[in-house]
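Here's the structure we're looking at; comments come further down.
Hydrogens, waters and symmetry mates are skipped; everything else that's a heavy atom, side chains included, is used. Chain identifiers are assigned alphabetically (A, B, ...) following the order of the sequence lines, protein sequences preceding nucleic acid strands; residue numbering begins at 1 within each chain.
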Amino acid sequence: MTVTNRSPHQRTRHKTARSDPEETVETVDEDDVDPNEVVRTADGELIHEPTGLILEDDQIDRGPEWRAFTQSERDSKSRVGAPTTQTMHDKGLTTTIGWQNTDAGGRSLPSEKRNKMRRLRTWQERIRTKDAGERNLQFALSEIDRMASALGIPRPTREVASVIYRQALSEDLIRGRSIEGISTAVLYVACRQEDIPRSLKEVTNVSRVEHKEIARTYRYISQKLELEMQPVDPKQYVPRFCSELDVSEAVQIKAKEIIDVSAEQGLLSGKSPTGFAAAAIYSASLLCDEKQTQSAVGDVAQVTTVTIRNRYQEQIEAMELHES
DNA sequence: AAATTAGGTTACGCGAC
DNA sequence: GTCGCCAAACCTAATTT
């Protein structure tokens, strides 16, 4: 066996040094090498540690075969780039087999060949639709993941979302609807079921689909999959909104109390949970002497100051009633 | 900043067609 | 299935306090 021999400091040099014409080559007997001193480097070379002998070169160069010195040069020489668009599910990359039983020249085929072509068509169709479904799912899941990240939604909830999506897929509820729409709606459902509430508006902000369609799709799938959704408890929004507003713990506790008391008196029915929570926080900030402006609270809760006003007066009243 | 007011949009349930 | 209608909640925008 022949190996190339180089000094250790040369080994650490860049790969291009290896093609140095002045490098010395000599033969070494294999028995001289102690296996315990042999290491494999990140480059894939097998090296005898004490002497720096290279026992085995990496046979495959995984790097690019070109060199570039500037970013623009790298861009222009690189042959990999952004993935092809996912929105067109197969981007014309699949094979379709024509229905005619003729060859390329237009002559009709003998019956034996016709049967073969029929079988091929069948299989091609099976394969194509199967992996179109897979791709569909893959895209949906990556979309769910993207939105979930943007909203700071924890893993388990994303898992729930993907389970629901698979259900919708198997019930054939996707047909005729956009994948993005379903993905968004499913994520929204998962949040509510897991008590990690995000308002429909918040979800809409990170989605590529408009509010109206998400709402419609949401109703559709929750009905079809018979998911019984109970109304969101406004208290669930309180900690998140409060931390965004940077108010004290006392306000948070007070806000929850206000929600409990006023809900007990039937003020909640029919009102939006975010608006209700926002008003409670505003009221609490007044009662705790840590006043926040209506518009500040409205911003984090994504409701208007008008809505806060309409709610908080009733709530204050309810509190006074409660205390007497 | 908060309150008031006016006008428009949306979603929902219901019955009629 | 969808059309028309309804009442309630919410929004935007303008104006006043």
Next item on the list: Figure out the CG/P separation between A/Leu200 and B/dT10, and round it to whole Å.
Entry: 14 Å
Check: For DNA chain B, whose closest nucleotide is more 5', that of A/Ser295 or that of A/His211?
Finding: A/Ser295
Check: Atom CD of A/Gln292 to atom P of B/dA2: distance rounded to whole Å?
Finding: 10 Å
Note to self: What contact category does A/Phe276 fall into here, base, sugar-phosphate, or nothing, at under 4.0 angstrom with non-hydrogen atoms?
What the structure shows: nothing
Check: Can you tell me how far C1' of B/dC12 sits from CE of A/Met229, to the nearest Å?
Finding: 18 Å
Note to self: Quick check on B/dA2: is either OP1 or OP2 less than 4.0 Å from any side-chain nitrogen or oxygen of A/Lys291?
What the structure shows: yes
Next item on the list: Measure the CD-CD distance between A/Glu228 and A/Gln193 for me, rounded to the nearest 0.5 Å.
Entry: 9.0 Å
Check: Think A/Gln294 has a side-chain N or O under 4.0 angstrom from the OP1 or OP2 of B/dA3?
Finding: yes
Next item on the list: Compare the minimum distances between each of C/dA9, B/dA2, B/dA11 and the side chain of A/Arg311, then state the nucleotide with the smallest one.
Entry: C/dA9
Check: How many angstroms lie between atom CD1 of A/Ile144 and atom OG of A/Ser162, to the nearest 0.5 angstrom?
Finding: 6.5 Å
Note to self: Whole angstroms only, please: what is the NZ-P distance between A/Lys212 and B/dC12?
What the structure shows: 13 Å
Checklist line | Residue A/Val306, side-chain atoms from C-beta onward, closest of B/dA2, B/dA11, B/dT5 | finding: B/dT5
Next item on the list: Could you tell me whether the phosphate oxygens of B/dC12, OP1 or OP2, come under 4.0 Å of any side-chain nitrogen or oxygen in A/Arg219?
Entry: yes
Note to self: Closest-nucleotide mapping onto DNA chain B: is A/Asn310 or A/Leu286 further toward the 5' terminus? I mean the 5' end.
What the structure shows: A/Leu286
Margin query: Please identify which of these residues, A/Asn136, A/Ile174, A/Ile164, meets the side chain to side chain contact (heavy atoms under 4.5 Å, CB included) condition with A/Ile182.
Written below: A/Ile174
Check: Rounding to a whole Å, what distance do you find between A/Lys201:NZ and B/dT9:C1'?
Finding: 12 Å
Check: Which of these nucleotides, C/dC10, B/dA11, B/dA2, is closest to any side-chain atom of A/Ser272?
Finding: C/dC10
Item checked: Minimum-distance nucleotide to A/Tyr312 side chain [options: B/dA11, B/dA2, C/dT12] -> B/dA2
Checklist line | Atom-pair distance (NZ on A/Lys271; C1' on C/dA8), nearest Å | finding: 9 Å
Note to self: By nearest atom, which of the nucleotides B/dA11, B/dA2, C/dA13 is closest to the A/Thr293 side chain?
What the structure shows: B/dA2
Notebook entry, point to check: To the nearest Å, how far apart are A/Ile316 CD1 and B/dA3 C1'?
Noted result: 15 Å
Check: For the residue pair A/Tyr218 and A/Met229, what are the closest heavy atoms and their distance?
Finding: OH-CG, 3.6 Å
Next item on the list: Figure out the CD/P separation between A/Glu210 and B/dT9, and round it to whole Å.
Entry: 15 Å
Next item on the list: To the nearest 0.5 Å, tell me how far A/Tyr220 OH sits from A/Leu173 CG.
Entry: 5.0 Å
